[in-house]
There are 2 protein chains.
Amino acid sequence: MEILIVEDEERIANTLKKNFIKEGHHAVVALNGEDAIESMQGSHFDIILLDWRLPKLTGLELCKKLRSTGNDTPIILLTALNDIQNKVDALEAGADDYITKPFSFEEVTARINAVLRRYKATIKKIPFGEMNLNLIDRTVEHENKLIKLSAREFELLKYFLFNKGTIINKEKICKDVWNFDFSPMTNVIEVTVKNLRKKLETEANCSFIKTIYGEGYLFLAD
Amino acid sequence: MEILIVEDEERIANTLKKNFIKEGHHAVVALNGEDAIESMQGSHFDIILLDWRLPKLTGLELCKKLRSTGNDTPIILLTALNDIQNKVDALEAGADDYITKPFSFEEVTARINAVLRRYKATIKKIPFGEMNLNLIDRTVEHENKLIKLSAREFELLKYFLFNKGTIINKEKICKDVWNFDFSPMTNVIEVTVKNLRKKLETEANCSFIKTIYGEGYLFLAD
DNA sequence: AACAATTATGAAAAATTTTTCATCAGTAAG
DNA sequence: CTTACTGATGAAAAATTTTTCATAATTGTT
């Protein structure tokens, strides 16, 4: 797991980091809000532990900033205070949970697991077979490999997943994926299906898209 | 507002529909789960009112199905029963709220507003100026017009929005948007900035991307 | 004002995606 | 086993996106 620790007290930050690494995770420390933003460019984190009091940008401000720019990485605020106002502010700023200092490492991992459990219910990935369609990056993930999809392939796969288990005819695909109201004069659909099949089935070793002769396609997975 | 009413009792469905239309919204009625899925292809709804008991596919099943395929339109379940088990099931299936029958129209609108208030906090749109960057469709929305962005333009705009208010130099843009570790040998960045500017500034009549001579770019909005 | 450095721009070139088309393969039914 | 129809495939063509390049415009400095 990739963990970002945003904490100006180096002692606390390093203790957390050591413990996470001991548990087999990967942890990065940022000593202030600006460093944190810096660290997040390009990299992906599964969770952010964020100190409430930070030099320059406060934890609350950073939290708001991240949320306002569409970043929804789970955030746990670390706060020294234990008054109710904090909790309200924290949740309103878009944090997922908070831990009051001093805390034990066990408490931190417990909170992380709880937050991630909740978060995973809303994560923007659609699983099928051994794969996942990542709706944000528009890629298919399989055993830490990434398959890039073109825009059309992405839309078609999303459509198949939405309708998995039911036969869909080409008129509907044409209408819903291509936004054509008239029926396709050519075989664009078949060609796109072919290309999508190749991408998916080169990676996984099974076929998801079944052809129902004279009727359409049927997507099977799980 | 676009409202989908999934309800097999036509009397209730039509009463709701009439009331919504009277309030200036747009409402579509689906009499069963399959019709509902049909209605959702291609169309967008802001909220779904979903009957608990439906012929064929139950409300709960439909709810689960939508959520499992990445659809996160707010759902309010309409249920005749009032036992705790329902509430738990509803929320676990991914519904946002529930209303027990019989209900008044005022109650429905109140619940809708409450759900939408909560939902909007997590919606995947980044506002800037009079515009919105839609992270799902990868378009810019402005006065019910849509501006299509290419993949690079989208990534660059997202990056600008994430870093708005701070000057970002080209080495960082190159690293974070293009994933090049070496500095750009050509002026791809300037060209992409130019094209993005044209798209945004043809539509809105103001300039968002400011050039800081010798330093980089600065995105200003709000 | 003149100069050097930086940025902007139009247009060509390259790469990629999307569509078309001709042809081959598979299916159902007589 | 044919036949007629439906779907699959490779490759060409068209459209779009991305990059490159030459040149023009702008900025800061002397």
Side-chain angles (χ1 to χ4, degrees), chain A residues 137-140 146-160 167-202 206-220, chain B residues 137-140 146-160 167-202 206-220:
Chain A
D137 300 339
R138 300 185 165 207
T139 54
V140 171
L146 282 188
I147 304 169
K148 279 203 209 170
L149 298 179
S150 76
R152 278 267 193 261
E153 289 160 357
F154 172 77
E155 293 300 333
L156 181 61
L157 179 53
K158 207 171 65 167
Y159 187 74
F160 274 139
I167 298 171
I168 34 186
N169 64 48
K170 286 172 198 164
E171 287 69 42
K172 279 196 66 52
I173 295 177
C174 195
K175 185 171 164 293
D176 296 331
V177 179
W178 268 261
N179 280 315
F180 287 168
D181 264 339
F182 41 94
S183 81
M185 306 311 288
T186 65
N187 65 344
V188 233
I189 295 174
E190 285 94 333
V191 174
T192 311
V193 166
K194 186 201 69 179
N195 293 330
L196 184 57
R197 272 177 170 153
K198 193 153 70 185
K199 285 195 182 178
L200 296 183
E201 294 164 13
T202 302
C206 55
S207 68
F208 296 109
I209 307 167
K210 209 167 152 19
T211 304
I212 310 298
Y213 186 86
E215 298 194 54
Y217 293 102
L218 171 61
F219 195 94
L220 289 175
Chain B
D137 301 339
R138 301 185 165 208
T139 54
V140 170
L146 282 188
I147 305 169
K148 277 202 210 173
L149 299 179
S150 76
R152 277 268 193 263
E153 289 161 358
F154 172 78
E155 292 300 332
L156 181 61
L157 178 54
K158 207 172 64 166
Y159 188 74
F160 274 139
I167 299 169
I168 34 188
N169 63 48
K170 286 172 197 165
E171 286 71 41
K172 280 197 62 53
I173 295 177
C174 195
K175 185 170 163 295
D176 295 332
V177 180
W178 268 261
N179 280 315
F180 287 167
D181 264 338
F182 42 94
S183 80
M185 307 311 288
T186 65
N187 65 344
V188 234
I189 294 174
E190 284 92 334
V191 174
T192 311
V193 166
K194 187 202 71 179
N195 294 329
L196 184 57
R197 272 177 169 151
K198 193 153 68 184
K199 285 195 181 179
L200 297 182
E201 293 164 12
T202 302
C206 56
S207 68
F208 297 108
I209 306 166
K210 210 168 153 12
T211 305
I212 311 298
Y213 187 87
E215 298 195 54
Y217 294 102
L218 171 61
F219 195 95
L220 289 175

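All values below were derived from every heavy atom in this structure, side-chain atoms included, with hydrogens, water molecules and symmetry-related copies excluded. Keep in mind that this is a model prediction, so the values were computed, not measured. In the text below, chain A, chain B and the rest are named by the order of the sequence lines, each starting its count at 1.
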Asks: Tell me: CG of A:N195 to C1' of C:dT17, nearest whole Å?
Replies: 10 Å
Asks: In terms of side-chain heavy atoms of A:Y213, which of D:dT9, C:dA28, C:dT18 is nearest?
Replies: C:dA28
Asks: What's A:F154 touching, base or sugar-phosphate or nothing? Going by heavy atoms closer than 4.0 Å.
Replies: nothing
Asks: What is the distance, rounded to the nearest whole Å, between atom CD1 of B:I189 and atom C1' of D:dC21?
Replies: 16 Å
Asks: Check every strand shown and say whether B:V191 touches a base, only sugar-phosphate, or nothing at a heavy-atom separation below 4.0 Å.
Replies: base
Asks: Mind running side-chain contact (heavy atoms from CB on, under 4.5 Å) on B:W178 and B:I189 for me, showing each step along the way?
Replies: CA-CA 9 Å; B:W178 268 261; B:I189 294 174; 3.9 Å; yes
Asks: Round to a whole Å and report the spacing from CG of A:N187 to C1' of D:dA12.
Replies: 13 Å
Asks: Just checking A:K170: base, sugar-phosphate only, or nothing, at a heavy-atom cut-off of under 4.0 Å?
Replies: sugar-phosphate
Asks: Nearest whole Å is fine: how far is D:dT19 P from B:W178 CH2?
Replies: 7 Å
Asks: Using 0.5 Å steps for rounding, measure from the CG atom of B:L149 to the CG atom of B:L156.
Replies: 10.0 Å
Asks: Closest approach to the side chain of A:Y217, judged atom by atom: which nucleotide of D:dT18, C:dT7, D:dA8 is it?
Replies: D:dA8
Asks: From NZ of B:K198 over to C1' of C:dA8, roughly how many Å is that when rounded to an integer?
Replies: 11 Å
Asks: Under the criterion side-chain contact (heavy atoms from CB on, under 4.5 Å), I'd like the reasoning laid out for B:F180 against B:M185: C-alpha separation, chi angles, the key distance, then a yes or no.
Replies: CA-CA 11 Å; B:F180 287 167; B:M185 307 311 288; over 6 Å; no
Asks: Which of these nucleotides, D:dT19, C:dG10, C:dT19, is closest to any side-chain atom of A:V188?
Replies: C:dT19
Asks: Separation of A:L156 atom CG from C:dT17 atom P, in whole Å?
Replies: 16 Å
Asks: Between D:dT6 and A:T211, is there an OP1 or OP2 to side-chain N/O distance shorter than 4.0 Å?
Replies: no
Asks: Please walk me through it: do B:L157 and B:L200 pass side-chain contact (heavy atoms from CB on, under 4.5 Å)?
Replies: CA-CA 10 Å; B:L157 178 54; B:L200 297 182; 4.1 Å; yes
Asks: Roughly how far, to the nearest 0.5 Å, is CG of A:N179 from CD of A:E155?
Replies: 9.0 Å
Asks: With the side chain of A:S150 defined as its heavy atoms from C-beta on, choose the nearest nucleotide among C:dT9, C:dT17, D:dG7.
Replies: C:dT17
Asks: What I'd like to find out is whether the side chain of B:E190 reaches to under 4.5 Å of the side chain of B:V193, using heavy atoms alone.
Replies: no
Asks: So how far off straight is the helix from C:dA1-D:dT30 to C:dG30-D:dC1, going by the axes through five pairs at either end, to 10°?
Replies: 30°
Asks: Give the intermediate values and the outcome of side-chain contact (heavy atoms from CB on, under 4.5 Å) for residues A:E153 and A:L196.
Replies: CA-CA 6 Å; A:E153 289 160 357; A:L196 184 57; 4.3 Å; yes
Asks: Looking only at the side chain of A:E190 (C-beta and beyond, no hydrogens), which of the listed nucleotides D:dA8, C:dT7, C:dT19 gets closest?
Replies: D:dA8
Asks: Classify the ring geometry between A:Y217 and A:F160 as parallel (under 30°), tilted (30 to 60°) or perpendicular (over 60°).
Replies: perpendicular
Asks: Tell me the interatomic distance from B:I209, atom CD1, to C:dT7, atom P, rounded to whole angstroms.
Replies: 14 Å
Asks: Among D:dC21, D:dG10, C:dT27, find the nucleotide with the atom closest to the side chain of B:T186.
Replies: D:dC21
Asks: Starting at CZ of B:R152 and ending at P of D:dT18, how long is that distance when rounded to a whole Å?
Replies: 7 Å
